[in-house]
Trainee: 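Next up is a structure, given as structure tokens.
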Amino acid sequence: MTTPSPSRHYVTTAIPYVNARPHIGFAMELVMADVIARYRRLRGDDVRALTGTDENALKNVQAAEQAGIDTATFVQAQAAAFEALREPLNLSFDDFIRTSAQRRHARGVTKLWQACAARGDIDKRAYRGLYCVGCEQFYAPADLVDGRCPEHDSEPELVEEDNYFFRLSRYEAQILALLESGRLRIVPEGYRNEILAFVRGGLADLSISRSRARARGWGIGVPDDPSQVMYVWFDALGNYVTALDYADEGDDYVRYWVDSDARVHVIGKGITRFHAVYWPAILLSAGLPLPTTLVVHGYLTVDGRKIGKSLGNAIDPEDIVARHGTDPVRYFLCRHVRFGRDGDFHEARLVTATHAELADQLGNLLRRTVSMIARYTDGGVPAPTDDGPFAALAVQIRDDYERAFADYRIDDAVRTAWTIVDAANRHAVERAPWKLAKRDDPAARAALRTTLYELAEALRLAAVYLAPFLPYTAAQIRHQLGLSPAPEPWDAATRWGGVPVGATVTVGEPLFAKTSPAA
RNA sequence: GUCGAGGUAGCUCAGUCGGUUAGAGCGAGGGAUUCAUAACCCCUAGGUCGGCGGUUCAACUCCGCCCCUCGGCACCA
């Protein structure tokens, strides 16, 4: 089931608030989006990947105040910490958007607002709500404890002010139809069902502005109304198009949004409603194409405990990578966290997986293969003399792998790739080339050459399939096998028999050194 | 309350359309082997498949009820 390629793909992560340092949960989201982008590029598709930071929230103002810095400076430093994840996690995003600091964003979101307004979907209404001065936010009655603010134990005051409202209710039927038809796909399906239930419950209009005073002057102004700023969600969701220069409807916007085959948002389960309901409604109103797919992941606990905002167990991705390596962290996040479900980032298990799977199974396979080729066939990949069991396996694997990615089940995709590694290790033992090498008859020599070829080719395939997850490792495997750094076009790359006979192998350093377990 | 997702070997999890002896990895025990990072490979581990009842020749897999965990239920990653 090969999907037609090349096609155009736009892949994004959500943009996180910057009031706290990045934690391992967001690192997982970044890695997932990166894996999807790398997979599409591997297939020859035209891909654009975006991440960035959501900076206009009141929370950021408060956090800056606590830190004793002005908001813009604080936000700038925090955003840098997120962008700095690119190196340690080996991310390949093409662009990074900052919602408070880049004109393209403010301009684009203003245009988006105006487009909705022109459609008659934005109007000013009186908004009444219970407001806690301490928290600087409104509370729904249900969120209060005995009518008091859960944080400050004070009675919130009834505040009435004019806000702009978006006519979400108008789009109820359309949103429902989108979800039901699958034109807007949500994976895994469980999340789709939740949203469906939510929409069927009826959609009320949405407040999309705050008084400038209440927002402490921070945020993007409502067009033609200096007294109001946009509610951060309206501005944040817009990032997906403003980053592409929606403001001027530039080339990137046309290419990756309007004319794209897939507009994919990778998000955490907590914000699916914003992406499955509010965002499509805004786009519908403004007359822009909608996202095609929402890829929803679960939350991570750390060593079994919830990630506390300031509880101290919020693992720093840079730190964990410094101790265990980029590919092991990416590998653990991709294979050992079940797609769509909550998972546990267990450091001891990360170490176990790195040793048992990456070092012992994959790393060792490469080493034993390359060593035998160096020793038995003078360092050149030999020509096979007959077909082994792998050609059929290769077809099956490609099929399973593409199917897994079609549903964004990246953990299954890794498992599928791994079946090659397992098969090759077993094959090595069954054929025992080290025994064949001690015999001197023609049959043994033919069998030896065929087997070594098969092992090299299996590794080549493994490197192809693992490249999205383990970019550095895949490159190392290619290097040691004597292959060019750039992989072949997808069809050729995934077909059995791609290792050139005579390629000169290099016995390099072990792929994964075994580290001692972290304290 | 309601809706959803889970509850399978010590741990983390797989189990397609119901079908014969319920699987994998880790951990544990044993064996084999030497190409390789003491790695690879093979065997074993005897788990009431949350509980009770039902449908069926046959249910982990379908239906009902119940128990436990987590999450959504209007503006909160």
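So that the names make sense, note that chain A is the first sequence line, chain B the second, and so on, each numbered from 1.
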Trainee: Under 4.0 Å between a side-chain N or O of A:Y231 and OP1 or OP2 of B:rC76?
Mentor: yes
Trainee: Please classify the nucleic acid contact of A:G340 as base, sugar-phosphate, or nothing, using heavy-atom distances under 4.0 Å.
Mentor: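 Nothing, no heavy atom under 4.0 Å.
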Trainee: Using the side-chain heavy atoms of A:K59, tell me which of these nucleotides is nearest: B:rA77, B:rC35, B:rC42.
Mentor: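 Nearest nucleotide to the side chain: B:rA77.
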Trainee: Within this structure, what is the CG-to-C1' distance between A:L362 and B:rG25, rounded to whole angstrom?
Mentor: 16 Å
Trainee: In whole angstroms, how far is the P atom of B:rC75 from the OH atom of A:Y171?
Mentor: 22 Å
Trainee: Please report the distance, rounded to the nearest Å, between CZ in A:R403 and C1' in B:rU16.
Mentor: 11 Å
Trainee: Using the P atom as the point on both nucleotides, what is the distance between B:rG23 and B:rA39, in whole Å?
Mentor: 27 Å
Trainee: Is there a side-chain contact between A:I220 and A:V229 (heavy atoms, below 4.5 Å)?
Mentor: no
Trainee: A:K438 side chain: which of B:rC41, B:rG72, B:rC35 is closest?
Mentor: B:rC35
Trainee: Of all residues at least two apart in sequence or in a different chain, which pass the salt bridge (charged side-chain N to carboxylate O under 4.0 Å, His left out) check with A:K435?
Mentor: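 If we apply the salt bridge (charged side-chain N to carboxylate O under 4.0 Å, His left out) test to A:K435, skipping adjacent residues, there are no hits.
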Trainee: I want to verify a distance call: between B:rA74, B:rG4, B:rA36, whose nearest atom is closest to the A:F198 side chain?
Mentor: B:rA74
Trainee: So if I take every side-chain heavy atom of A:S371 and compare against B:rU12, B:rA36, B:rC76, which nucleotide ends up nearest?
Mentor: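 Looking only at side-chain atoms, A:S371 lies closest to B:rA36.
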Trainee: Could you state the atom-to-atom distance from OH of A:Y278 to C1' of B:rA77 in whole Å?
Mentor: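 Distance check: A:Y278 OH to B:rA77 C1' gives 15 Å.
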Trainee: Please report the distance, rounded to the nearest Å, between CD in A:Q480 and P in B:rC35.
Mentor: 19 Å
Trainee: Could you give the distance separating B:rG15 and B:rA22 at their C1' atoms, to the nearest angstrom?
Mentor: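 My reading of the C1' atoms in B:rA22 and B:rG15 gives 8 Å.
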Trainee: Against A:Y331, only a single residue in A:F469, A:W418, A:F512 fulfils ring-ring contact (aromatic ring centres under 6.0 Å, His included); can you say which?
Mentor: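 Between A:Y331 and the candidates, ring-ring contact (aromatic ring centres under 6.0 Å, His included) is satisfied uniquely by A:W418.
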Trainee: Closest approach to the side chain of A:R349, judged atom by atom: which nucleotide of B:rC11, B:rA39, B:rA74 is it?
Mentor: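 The answer is B:rC11.
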Trainee: Are A:W233 and A:Y278 an aromatic pair by the rule of ring centers under 6.0 Å?
Mentor: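 No, they do not, as the ring centres are separated by 6.0 Å or more.
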Trainee: Does a sphere of radius 6.0 Å around CD in A:E160 hold more than 12 heavy atoms from other residues, nucleotides or ligands, not counting ones at 6.0 Å or beyond?
Mentor: yes
Trainee: Considering every strand and a 4.0 Å limit on heavy-atom distances, what is the contact class for A:Y191: base, sugar-phosphate, or nothing?
Mentor: nothing
Trainee: What is the nucleic acid contact for A:S207, judged by heavy atoms within less than 4.0 Å: base, sugar-phosphate only, or nothing?
Mentor: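 Since a base atom lies under 4.0 Å of A:S207, the category is base.
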Trainee: Is the shortest side-chain N/O distance from A:W434 to OP1 or OP2 of B:rC40 below 4.0 Å?
Mentor: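 False: A:W434 side-chain N/O out of range (4.0 Å or more) of B:rC40 OP1/OP2.
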Trainee: Suppose you measure atom P in B:rG64 against the same atom in B:rA5; what distance do you get, rounded to whole Å?
Mentor: 13 Å
Trainee: Which listed nucleotide (B:rC75, B:rC35, B:rA39) is nearest to the side chain of A:Y127?
Mentor: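 Of the options given, the side chain of A:Y127 lies nearest B:rC75.
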Trainee: Which residue lies toward the 5' end of RNA chain B, A:R210 or A:T352, if each is placed at its nearest nucleotide?
Mentor: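 On the 5' side of the pair lies A:T352.
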Trainee: Would you indicate what A:F26 reaches in the nucleic acid, counting non-hydrogen atoms under 4.0 angstrom: base, sugar-phosphate, or nothing?
Mentor: nothing
Trainee: Surrounding CZ of A:R212 (heavy atoms of other residues, nucleotides or ligands, distance under 6.0 Å), is the total greater than 12?
Mentor: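 Above 12, so yes.
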Trainee: Pairs counted only when both distances fall under 3.5 Å, Watson-Crick or G-U: show me the 5' to 3' dot-bracket for RNA chain B, [ ] for pseudoknotted crossings and | for other-strand partners.
Mentor: (((((((..((((.....[...)))).((((.........)))).....(((((..]....))))))))))))....
Trainee: Quick one: closest heavy-atom pair of A:E55 and A:A79, and the distance?
Mentor: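 Scanning both residues, the minimum pair turns out to be OE2-CB, 3.4 Å.
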Trainee: Not counting sequence neighbours, which residues clear ring pair (Phe, Tyr, Trp, His ring centres under 6.0 Å) with A:F339? List them please.
Mentor: none
Trainee: Give a yes/no on whether any side-chain N or O of A:R415 is located under 4.0 angstrom from OP1 or OP2 of B:rA24.
Mentor: no
Trainee: Which part of the nucleic acid, if any, lies within reach of A:G268 when heavy atoms closer than 4.0 Å are counted: base, sugar-phosphate only, or nothing?
Mentor: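 Contact class for A:G268: none.
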Trainee: With nearest nucleotide decided by heavy atoms, which residue, A:E357 or A:N425, maps closer to the 5′ end of RNA chain B?
Mentor: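 Nearest-nucleotide comparison on RNA chain B picks A:E357.
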Trainee: Quantified in whole Å, what is the C1' atom distance between nucleotide B:rA45 and nucleotide B:rG27?
Mentor: 11 Å
Trainee: By nearest atom, which of the nucleotides B:rA14, B:rC11, B:rU37 is closest to the A:R341 side chain?
Mentor: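 Comparing B:rA14, B:rC11, B:rU37 against the side chain of A:R341, the answer is B:rA14.
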Trainee: Between atom OH of A:Y408 and atom CD1 of A:I186, what is the distance when rounded to the nearest 0.5 Å?
Mentor: 13.0 Å
Trainee: Can you figure out which of B:rU37, B:rA77, B:rG71 approaches the side chain of A:K269 most closely?
Mentor: B:rG71
Trainee: Between B:rC60 and B:rA9, how far apart are the two P atoms, rounded to whole Å?
Mentor: 15 Å
Trainee: Between A:F345 and A:F332, is the ring centroid distance below 6.0 Å?
Mentor: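 They qualify: ring centres under 6.0 Å apart.
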Trainee: Would you mind classifying the nucleic acid contact of A:P510 as base, sugar-phosphate or nothing, using non-hydrogen atoms under 4.0 angstrom?
Mentor: base
Trainee: Touch check for A:L365, heavy atoms < 4.0 angstrom, all strands: base, sugar-phosphate only, or nothing?
Mentor: nothing
Trainee: Rounding to a whole Å, what distance do you find between A:E509:CD and B:rA39:C1'?
Mentor: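 Computing the A:E509:CD to B:rA39:C1' distance gives 17 Å.
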Trainee: Measure from the side-chain heavy atoms of A:A204 and tell me the nearest of B:rA74, B:rC35, B:rA77.
Mentor: B:rA74
Trainee: Whole angstroms only, please: what is the NE2-P distance between A:H297 and B:rC70?
Mentor: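 The answer, rounded to whole Å, is 20 Å.
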Trainee: Can you find an N or O donor on one side and an acceptor on the other, under 3.5 Å apart, linking the side chain of A:D360 with the base of B:rA39?
Mentor: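 No pair found.
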Trainee: Quick one: label A:L511 by what it contacts on the DNA or RNA (base, sugar-phosphate, nothing), any heavy atom closer than 4.0 Å.
Mentor: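 Touches a base.
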Trainee: Is the distance from OP1 or OP2 of B:rA14 to the nearest side-chain N or O of A:R338 less than 4.0 Å?
Mentor: yes
Trainee: Take atom CZ of A:R426 and atom P of B:rC43, then tell me their distance rounded to the nearest Å.
Mentor: 10 Å
